[in-house]
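Working notes, beginning with the structure itself.
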Protein chains: 2
Amino acid sequence: MAKIDDVARLAGVSKGTVSNVFSQKRPTSEKVTDKVLEASRELNYVPNHIARSLVTKKTMAIGLTIPHGNFFFNTFHNQFINGVILEASHYGYRVLLDMVPVEKVKTPSLASYPIDGAIVLGPTEEDERINLLHLNQIPFVTIGKIFNANVKDASTVNNDNFQIIRDICSYLIDKGHRSMMFLNANELMTVAIERREAFIEVLTNHQIDLQEHMIHYKPALTSSKYMNYGYDETVHVLSELKERVTAIIADDDRTAFSVMNAIKDLGLSVPEDLSLFVICGDLSMMHKATPSLTGMDLQSSELGVHSVRLLMHKLGILDGDFPEHMIISSKIIEGDSCSSL
Amino acid sequence: MAKIDDVARLAGVSKGTVSNVFSQKRPTSEKVTDKVLEASRELNYVPNHIARSLVTKKTMAIGLTIPHGNFFFNTFHNQFINGVILEASHYGYRVLLDMVPVEKVKTPSLASYPIDGAIVLGPTEEDERINLLHLNQIPFVTIGKIFNANVKDASTVNNDNFQIIRDICSYLIDKGHRSMMFLNANELMTVAIERREAFIEVLTNHQIDLQEHMIHYKPALTSSKYMNYGYDETVHVLSELKERVTAIIADDDRTAFSVMNAIKDLGLSVPEDLSLFVICGDLSMMHKATPSLTGMDLQSSELGVHSVRLLMHKLGILDGDFPEHMIISSKIIEGDSCSSL
DNA sequence: CTGAAAGCGCTTACAG
DNA sequence: CTGAAAGCGCTTACAG
């Protein structure tokens, strides 16, 4: 690969001038620009990104940090990533998928991250990834609340998980449901913690006793129970425990499909015998399911877009007023999976 | 951030020795190692990845190159990426999502890619991304066949698209279907080209006349028709053209859901009135749909894993015998969406 | 508008 | 096993 010296020599100018032509940081006369570009073309020259990064101290990449060993892209992440990639590309940024192995988190990783900032997906209660980013002084934005004791200035982009649970429960309670079963996210995630609190609050406000069968947590990806989340709980609670349940709130679309399968196997049907509400899923798929699924529009793509913007702001690339904590609104999209009692 | 000189000074050794302790490229005495590690801890030192890359000429990142402007992560890519990330991390590699804007492809990008190799998703017939990678001498693997005239030594990982279409058609023809409608991928993609050829071949072998309504292509993402692909074609062909169709082959699960919606709106049902076959989708979701969808298991996660392995082989990191073109097997997973005529 | 020179923070022969 | 020095390929004050 040709380097800047080769181009400078061929064009009869200095390295600094070649640099200017490509970086556009200082004006260059048209004549010189042409000479440089022609020489570059001839030599098939492209500036070395790494060498540039070393001196500018910018990698022009942001990390999308996903937890190792307990993570799986689902339809929510799908939309989210589409938003992230699109918005990042507006600022000339690329996206580095960063799956930090748990062991490496313990013994700080072998080399600094080649990223200018990071977006942390699915934070857990005391998330080591966040401590590591904090330690390495890498600006970051978390998708969801964090509780790390020593991290004060974290920026977050989140849905209003409390309001979401209140909205869902109100919607169901208005339809006469009081026997609800909540299939929450994995219990380590802060989103699950927020939702649980909200769920309990709603139950209390409506004088509904919280019973053990009413709330469940998604098993770890490594667990053999992972793939049957939704099915197993539905069968267990309805058929074995014989508890009365009239409405099920499912964490995501996959879980909802799993629940529907269980309901069918029990000889029951949605929404006649049970109402089903999906918190996060692919709306166009949910809309086309039979029956179409009622769920929340979390605007996951917008979450991605705004997390990039907030990060760009922290990197000093985007001006304007940005709150430390940004909330993306959400609303109920009605399908045919919930009925009045 | 502390740098290598700081650590060397504090530990009372040379920079080269500090370097060795972290890179492990030469043995270091235990005593010196301890001194260096302690100094590093004290200074919170981590080697600078960029500076290292500049001299080693390795970025320890592979690019996942996705076409800009006409791309959307779907459930297939989901699984695929999960495979890629997992396998790449085995070799200490990170994954850079690279969405090359179309304009940038024209005027070769501003700086070289900070990647050691690339995996090209969804190649089109004369794919500019591939010419660019070739020009920049970056090793790459394509997911799907490519036809670039000047690129000879390309490695590909692919499903056997010809066999897949033959298998699907045989399956349907055995059930008595001769009036099939094929909702193919976007016509620019090589996968769509291979499938079309195979489809026509099968029809010819069974003395079925190819008619215009029998094959459709997914609209570009930028098209307003994109979101209704499947629905629109089904309604148009069945209701407006009033063509006889007994089986529909859908490119992916989203398209299949869309088709089911149309069928329902036409007052028909699956599989009684129409059989439905999905080429690529999330099997666990398809299994849980009502009716459960019959489809192909393309092993998309394996596609991801093997594309990384093949790339690692090209990078000289993985030994062994690797074919230039690797085929991942696929098989039919039966659900309840196809019936005999 | 352009050039000469220092420097970004590492690794790597070379020498001992 | 360790050190001194050159060099990776750029950018950036500084000077003109």
Side-chain angles (χ1 to χ4, degrees), chain A residues 1-37 39-40 43-61 92 109-116 136-138, chain B residues 1-37 39-40 43-61 92 109-116 136-138:
Chain A
M1 294 265 76
K3 37 194 170 179
I4 201 168
D5 303 78
D6 304 324
V7 177
R9 205 174 308 120
L10 183 61
V13 298
S14 73
K15 302 195 313 185
T17 300
V18 176
S19 176
N20 292 332
V21 168
F22 283 92
S23 70
Q24 311 256 42
K25 294 204 177 165
R26 310 194 295 193
T28 316
S29 71
E30 199 178 331
K31 194 171 139 201
V32 170
T33 302
D34 288 348
K35 275 199 300 186
V36 169
L37 288 179
S40 303
L43 296 171
N44 199 14
Y45 171 75
V46 167
N48 181 307
H49 190 272
I50 302 293
R52 179 182 279 175
S53 287
L54 183 58
V55 29
T56 61
K57 309 225 175 290
K58 293 177 131 207
T59 63
M60 298 309 282
S109 67
L110 293 174
S112 65
Y113 296 114
I115 53 176
D116 296 339
N136 289 346
Q137 300 177 41
I138 295 174
Chain B
M1 293 265 77
K3 39 192 168 180
I4 201 168
D5 302 78
D6 303 325
V7 177
R9 204 174 308 120
L10 183 61
V13 299
S14 74
K15 302 195 315 186
T17 299
V18 176
S19 177
N20 293 331
V21 169
F22 283 93
S23 69
Q24 311 255 44
K25 293 203 179 166
R26 310 194 293 194
T28 315
S29 71
E30 197 178 333
K31 193 171 142 203
V32 170
T33 302
D34 288 349
K35 274 200 299 186
V36 168
L37 288 179
S40 303
L43 296 172
N44 199 14
Y45 170 74
V46 167
N48 181 308
H49 190 273
I50 301 292
R52 178 182 280 175
S53 287
L54 183 59
V55 28
T56 60
K57 311 230 175 283
K58 294 177 130 210
T59 63
M60 299 309 282
S109 66
L110 294 175
S112 65
Y113 296 114
I115 53 176
D116 297 339
N136 288 348
Q137 299 177 41
I138 295 173

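Small disclaimer: the values here were computed from a predicted structure and weren't measured. Quick note on labels: first sequence line is chain A, next is B, and so on, each numbered from 1.
Listed nucleotides: dT11(D), dG9(D), dT2(C). Nearest to the side chain of Ser19(A): dT11(D).
Shortest non-hydrogen contact noted between Lys15(B) and Ala8(B) is N-CB, 3.8 Å. The two residues Lys57(B) and Asp116(B) come nearest to each other via the heavy atoms O-OD1, 4.2 Å. The two residues Thr59(A) and Ser53(A) make their nearest non-hydrogen contact at CA-OG, 3.6 Å.
Of the possible polar contacts, one joining the Ser40(A) side chain to the Val36(A) backbone as a donor-acceptor pair under 3.5 Å is found. At distances below 3.5 Å, not a single donor-acceptor pair connects side-chain atoms of Thr28(A) with backbone N or O atoms of Thr33(A).
Ion pairing between a basic and an acidic side chain is recognised when a charged N comes within 4.0 Å of a carboxylate O; Asp6(B) and Lys3(B) show no such pairing.
As rounded to whole Å, 9 Å separates atom P of dT12(C) from atom CG of Asn20(B). Rounded to whole angstrom, the span from the CG atom of Leu54(A) across to the P atom of dT12(D) amounts to 12 Å. Spacing between atom CG of Leu43(B) and atom C1' of dG9(C) amounts to 15 Å, rounded to whole angstrom units. Rounded to whole angstrom, the span from the CZ atom of Arg52(B) across to the C1' atom of dT12(C) amounts to 13 Å. One interatomic measurement links the two molecules: NZ of Lys35(A) to C1' of dC1(C), which rounds to 12 Å at whole-angstrom precision. Asn48(A) places its CG atom 18 Å from the P atom of dC8(C), with the value rounded to the nearest Å.
Taking CG of Asn44(A) as the reference point, atom CD of Gln137(B) lies at 7.5 Å (rounded to 0.5 Å). Separation of atoms NZ (Lys35(B)) and OG (Ser29(B)) is listed at 8.0 Å; rounding is to 0.5 Å. One finds the CD1 atom of Ile50(B) at 8.0 Å from the NE2 atom of His49(A) (value rounded to the nearest 0.5 Å).
The closest side-chain heavy-atom distance from Tyr45(B) to Ile4(B) is below 4.5 Å. Side-chain contact between Arg52(A) and Met60(A) is absent, with no heavy-atom pair separated by less than 4.5 Å.
For dT11(C), the OP1/OP2 oxygens have no side-chain nitrogen or oxygen of Lys57(B) closer than 4.0 Å. When the side-chain nitrogen and oxygen atoms of Thr17(A) are compared with OP1 and OP2 of dG3(C), one or more of them lie within a distance under 4.0 Å.
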For DNA chain C, please output the secondary structure as dot-bracket, reading 5' to 3'. Pairs are Watson-Crick or G-U wobble, both atom distances under 3.5 Å; mark crossing pairs with [ ], other-strand partners with |, unpaired with a dot.
|||.||||||||.|||

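To the nearest whole angstrom, the two C1' atoms, one in dT12(D) and one in dG16(D), are 16 Å apart.
Annotation: proximity of residues 2-16 of chain A to DNA chain D (heavy atom, distance under 4.0 Å) is found for Lys3(A), Ile4(A), Lys15(A), Gly16(A), numbered in ascending order. Near DNA chain D, meaning a heavy atom under 4.0 Å away, the residues from residues 23-32 of chain A are Lys25(A), Arg26(A).
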